[in-house]
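Some notes on the structure that comes next.
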Amino acid sequence: MASTPSTANFSTPFHASFQTKPIQKSCNSTLWPSMELSVPSAKLLIGSSKSGFFRSGFFSQSSNLSGIFGKSRSSGVFARAATDKTLYDFSVKDIEGKEVPLSKFKGKVLLIVNVASRCGLTTANYSELSHLYEKYKTQGLEILAFPCNQFGGQEPGSNPEIKQFACTRFKAEFPIFDKVDVNGPQTAPVYKFLKSSAGGFLGDVIKWNFEKFLVDKNGVVVERYAPTTSPFQIEKDIQKLLAA
């Protein structure tokens, strides 16, 4: 299991299981048979130890968490760091290993997400992300998904397995990139930029799978959302940037 951020204490195990069903459709092979997964619970250093961070394998929002993981505009949680760079100054590898300059997305509104295939948040996030992409892609929205295995070892598959899982189970059509580190010494440069542009209340570290960054048409990070923020909760912010 990957190490967790220093800002949270994952000391007490919470054994929650969920089932993943065999996938045998359009991607022509079967991924991960039915399995049981133990997920650690999280007790935040701030707030009551009774706060439900995980509930039945999923994140749960509580009054204690809302003050920590809330959106920046409403809670003032996230502070922005001045930078002369934009997202367009970076290149990344796609899931096929090909170099992709992010400047190809100039003029687009971008939602950037670190994804995982075996997380309690996977089904809700992938489903909602796919829905938003289908609804707004013709209006200029792009969703950039970066697989990451640093949180509970919940993205252990190879790039082809990750792609097949996303396209078969959730029919994800948005770009999925090479697996990256989002924290630690091997952090991908694009994630160093994202975190420096919108630091978190508990520090710059990404807290868990499915943390989200919203980037405007000029390549500037304008918002950062906690893993517990669903894509549907971001829809109004996306609409505003698309209309700008």
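- A distance of 10.5 Å separates OG1 of T168 from NZ of K163, quoted to the nearest 0.5 Å.
- Between P147 and I176 the shortest side-chain heavy-atom distance falls below 4.5 Å.
- Closest non-hydrogen pair, P101 versus S91, comes out as CA-OG, 3.5 Å.
- Shown here is K217, whose NZ atom has more than 12 heavy atoms of other residues, nucleotides or ligands within 6.0 Å.
- The distance from atom OG1 of T187 to atom CD of Q150, rounded to the nearest 0.5 Å, is 6.5 Å.
- D204 contributes no side-chain N or O that, together with a main-chain N or O of S196, makes up a donor-acceptor pair within less than 3.5 Å.
- Between K135 and L141, the closest side-chain pair of non-hydrogen atoms is not below 4.5 Å.
- How far CD of E142 is from OH of Y133: 3.5 Å, rounded to the nearest 0.5 Å.
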Dump the intermediate steps for side chain to side chain contact (heavy atoms under 4.5 Å, CB included) on Y225 and D237, then the final yes or no. CA-CA 11 Å; Y225 307 88; D237 293 344; 2.6 Å; yes

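- V220 and V113 end up in different hydrophobic clusters when Ile, Leu, Val, Met, Phe, Trp and Tyr side chains are linked at under 4.5 Å.
- Y88 and F146 fall into different hydrophobic clusters, defined by Ile, Leu, Val, Met, Phe, Trp and Tyr side-chain heavy atoms under 4.5 Å apart, directly or through other members.
- Below 30°, between 30° and 60°, or above 60°: for W208 and F151 the angle between ring planes is between 30° and 60°, a tilted geometry.
- By the 6.0 Å contact criterion, NZ on K137 is enclosed, its count of non-hydrogen atoms from other residues, nucleotides or ligands being greater than 12.
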Test log, rule side chain to side chain contact (heavy atoms under 4.5 Å, CB included), inputs N218 and T86: CA-CA 8 Å; N218 298 311; T86 72; over 6 Å; no

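- Here the side chain of N159 pairs no donor or acceptor atom with the backbone of D178 at under 3.5 angstrom.
- Annotation: side chain of L194 is in contact with side chain of L87 (closest heavy-atom distance under 4.5 Å).
- Closest heavy-atom contact between H131 and F232: CD2-CE2, 3.5 Å.
- Heavy-atom contacts from other residues, nucleotides or ligands closer than 6.0 Å to CD of E99 number more than 12.
- When all heavy atoms of A116 and Y126 are compared, the closest pair comes out as O-CE1, 4.0 Å.
- Smallest separation of non-hydrogen atoms from V205 and K207: O-NZ, 2.8 Å.
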What do the steps show when you test F213 against I206 for side chain to side chain contact (heavy atoms under 4.5 Å, CB included), and what is the final call? CA-CA 11 Å; F213 293 86; I206 302 298; 3.7 Å; yes

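- With a 4.5 Å cut-off on side-chain heavy atoms, F105 and V215 do not count as touching.
- The closest donor-acceptor contact from the side chain of K106 to the backbone of G219 lies at 3.5 Å or more, if one exists at all.
- Between the OH atom in Y191 and the CZ atom in F90 there is a gap of 13.0 Å [rounded to 0.5 Å].
- At least one side-chain heavy atom of N125 sits less than 4.5 Å from a side-chain heavy atom of K212.
- To the nearest 0.5 Å, atoms CD1 (I238) and CG (L214) are separated by 6.0 Å.
- S117 pairs in a side chain to side chain donor-acceptor pair (under 3.5 Å) with only one of the listed residues (R169, E155, E161, Q164), which is E155.
- Counting heavy atoms from C-beta outward, K85 and F193 have side chains that approach closer than 4.5 Å.
- Looking at T123, V115, T122 one by one, the single match for side-chain contact (heavy atoms from CB on, under 4.5 Å) with C119 turns out to be T122.
- Between I143 and Y136, the closest side-chain pair of non-hydrogen atoms is not below 4.5 Å.
- Minimum heavy-atom separation, K179 to G157: NZ-O, 2.8 Å.
- When all heavy atoms of L132 and P231 are compared, the closest pair comes out as CD1-O, 3.3 Å.
- Side-chain contact between V92 and L102: present, with at least one pair of heavy atoms (C-beta onward) separated by less than 4.5 Å.
- Going from atom CZ of F177 over to atom SG of C148 covers 15.0 Å, rounded to the nearest 0.5 Å.
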